[in-house]
Amino acid sequence: MNPGNPHLKFASQAVAKPYFVFALMLFVGQIVFGLVMGMQYVVGDFLFPAIPFNVARMVHTNLLIVWLLFGFMGAAYYLVPEEADRELHSPKLAILLFWVFAIAGVLTILGYLLVPYAGLAKLTHNELLPTMGREFLEQPTITKLGIVVVALGFLYNIGMTLLKGRKTVVSVVMMTGLVGLAVFFLFSFYNPENLARDKYYWWWVVHLWVEGVWELIMGSMLAFVLIKVTGVDREVVEKWLYVIIAMALITGIIGTGHHYFWIGAPGVWLWLGSIFSALEPLPFFAMVLFAFNMVRRRRREHPNKAASLWALGTTVTAFLGAGVWGFLHTLAPVNYYTHGTQLTAAHGHLAFYGAYVMIVITLISYAMPRLRGIGEAADARAQSLEIWAFWLMTISMLLITLLLTAAGVVQVWLQRMPADGAAMPFMATVDQLKVFFWLRLYAGFGFFIGLICYLLSFRQRGRLTVGVAQQAG
Ligand code: HEM
Ligand code: HEM
Ligand SMILES: [Fe+2]
């Protein structure tokens, strides 16, 4: 027991808090830039020339990735000591790396916003080891190196904690996912001149993250929270976890082929990519069954209702976004028409939100009342605000997805289906989609309001369950 905060099993778990707080700050930034782009889609000159669309897009997607990484790291710092049944190997290192990553992240975003991208490449000497200029991997090489250093220090810290402590399936699966995350990131340094080859390995980061190793991280975080909120036996949870990660890896690795259809890779990928990726919804479906099963068999009523809701919600939304919307365009004969349309963006939004945004929030929702010294759960008012936030954000994101899907279908119809010569040009097509983009913008504001509700739910001090007058903070 830790005298400073009786609600934490180990004092060092407290290092998770700055990670979570900073993650949520970046989340706000991500959504603001999403709204800027949503506006630019319908009012082309909005904020021109201060924030061009390509810059806003880079900031939006990079902030998303970086805040999710902060979320994963915070989750690991919270979860691994508790699972290992010992203090974190080095809380000091965790705090040091927090500052390194936070400062590097902020400088990179400022670089995007204040310097033209080509100038940023020059300024950071991209020519020494050219890695910039690819979607999601736009970071200057020096930032990428910083990420590697942070990742190594982080893995060392978590790894040592694990080695010296109790090894549970949950923490070993999480560790495997985190190591995989770091290893696949190394392919961002490989940037061959040949564009086909470049794309081939680019997906080893982008696809093998979200449809491979990140699923392990998600599964372990889900398992951890479910064990806590339902009190179901670890053995049951572990069996599920094994099945989920096996299915994820078996389908996801060769499933990479669904990105190799049109980039110049051998034709066999049309078959391999279609068949294996068509099976990728299975692990996501298993997560739905897993979560609902655990909650049905629960041994206790946990007071943190909001955390349970996020845990159930993330599995359903991830299944919809990754499983259903992924399957929609994953077969080669379909993807031939839908590749790179608004349908892709529809899927990208719901999948990222449902799987990774929501699982990080699930853990924050579970851990934050303890980290803040409140107890197992925030008070009823704070939780009801959080539940409002859940529905506002989730319904808004579903609306964004449905609107982009409609836009995508019309786009395919006008621009992709007609035979050569009869197809409507890209810009003329986009003009036809205006109504969807206006509505998407409104749904985006709905999402933003949900996010504000979520943040406001932390304003409640909550019920002080212990006698000591404690400062939440
Ligand atoms: C949580 C897991 C997932 C996330 C976060 C995710 C996210 C994304 C994103 C952001 C893109 C766009 C990439 C780009 O910039 O070109 C994409 C593309 C794609 N995803 Fe997923 N995805 C996930 C799971 C799946 C699953 C399970 C399937 C198949 C069942 C799938 C099928 C596809 C396909 C076929 C494309 C290519 C679309 C195109 O040709 O334009 N995804 N995904
Ligand atoms: C947690 C919420 C969100 C997540 C996870 C998310 C994720 C993403 C991802 C992964 C992409 C790249 C898509 C691709 O490559 O296919 C993207 C692009 C984009 N996002 Fe979001 N986003 C979120 C919220 C929003 C909101 C609220 C808006 C505004 C209404 C928005 C507007 C956009 C726009 C306009 C693009 C650029 C699409 C394009 O290139 O044409 N996003 N977002
Ligand atoms: Fe993929």
Side-chain angles (χ1 to χ4, degrees), residues 27 30-42 53-54 56-65 67-68 134-136 199 202-203 206-212 214-215 218 248 251-252 255-263 273-274 276-285 287 314 317-332 334-361 393-394 396-397 399-401 403-404 407-408 430 437-448 450-451:
F27 185 16
Q30 183 221 330
I31 298 310
V32 168
F33 281 89
L35 291 173
V36 166
M37 279 191 293
M39 190 70 182
Q40 289 174 337
Y41 247 93
V42 285
F53 179 85
N54 67 311
R57 193 183 199 283
M58 203 157 62
V59 173
H60 179 64
T61 53
N62 283 228
L63 280 175
L64 167 69
I65 305 291
W67 87 256
L68 292 178
R134 294 168 299 161
E135 193 196 359
F136 300 121
K199 278 283 149 191
W202 179 80
W203 285 110
V206 177
H207 168 101
L208 289 179
W209 266 13
V210 300
E211 291 156 70
W214 284 28
E215 282 181 64
M218 177 182 179
T251 61
T256 319
H258 64 183
H259 303 294
Y260 292 169
F261 298 156
W262 330 114
I263 66 168
S274 296
F276 280 84
S277 71
L279 299 172
E280 281 184 40
L282 288 175
F284 288 100
F285 189 62
M287 281 196 246
T314 185
T317 318
F319 174 66
L320 287 176
V324 177
W325 258 264
F327 182 78
L328 220 59
H329 59 167
T330 209
L331 299 173
V334 177
N335 193 263
Y336 179 75
Y337 293 101
T338 61
H339 183 54
T341 60
Q342 295 295 330
L343 268 172
T344 308
H347 155 67
H349 276 87
L350 196 62
F352 256 113
Y353 172 72
Y356 301 119
V357 169
M358 290 180 85
I359 193 64
V360 167
I361 298 184
M393 282 197 271
T394 306
S396 304
M397 190 45 80
L399 285 174
I400 290 178
T401 306
L403 289 163
L404 292 180
V430 174
F437 295 137
W438 272 109
L439 293 172
R440 183 262 303 268
L441 181 62
Y442 298 138
F445 282 115
F447 189 95
F448 190 67
L451 176 55

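Each ligand, and each atom within it, is numbered from 1 in the order the structure gives. Counting begins at 1 with the first residue of the sequence. Note that these values count all heavy atoms, side chains included, but never hydrogens, waters or copies made by symmetry.
Taking distances strictly below 2.8 Å, the protein N/O/S atoms close to atom 21 (Fe) of ligand 1 are His347 NE2.
The distance from atom CD of Glu135 to atom CG of Asn54, rounded to the nearest 0.5 Å, is 12.0 Å.
Checked by distance only, ligand 2 and Arg57 come closer than 3.5 Å through their nitrogen or oxygen atoms. Polar contact check, Thr61 against ligand 2: no nitrogen or oxygen pair lies under 3.5 Å apart.
The nearest heavy-atom contact from the protein to atom 36 (C) of ligand 1 is His259 CE1, 3.5 Å.
Taking a 4.0 Å cut-off on heavy atoms, Trp325 fails to register as neighbouring ligand 1. Within the structure, the closest approach of Tyr353 to ligand 1 does not fall below 4.0 Å when heavy atoms are considered.
Within the coordination shell of the Fe ion (ligand 3), defined by N, O or S atoms under 2.8 Å, Glu211 is present.
At a heavy-atom distance under 4.0 Å, only side-chain atoms of Phe27, from C-beta outward, approach ligand 2. Residue-level proximity to ligand 2 for Met393 is absent, since no heavy atom of it falls below 4.0 angstrom.
The list of side-chain hydrogen bond (donor to acceptor under 3.5 Å, both in side chains) pairs with a residue in residues 342-353, not counting sequence neighbours, reads Tyr41-Gln342, Tyr353-Thr394.
Atom 21 (Fe) of ligand 2 sits nearest to atom NE2 when only the N, O or S atoms of His349 are considered.
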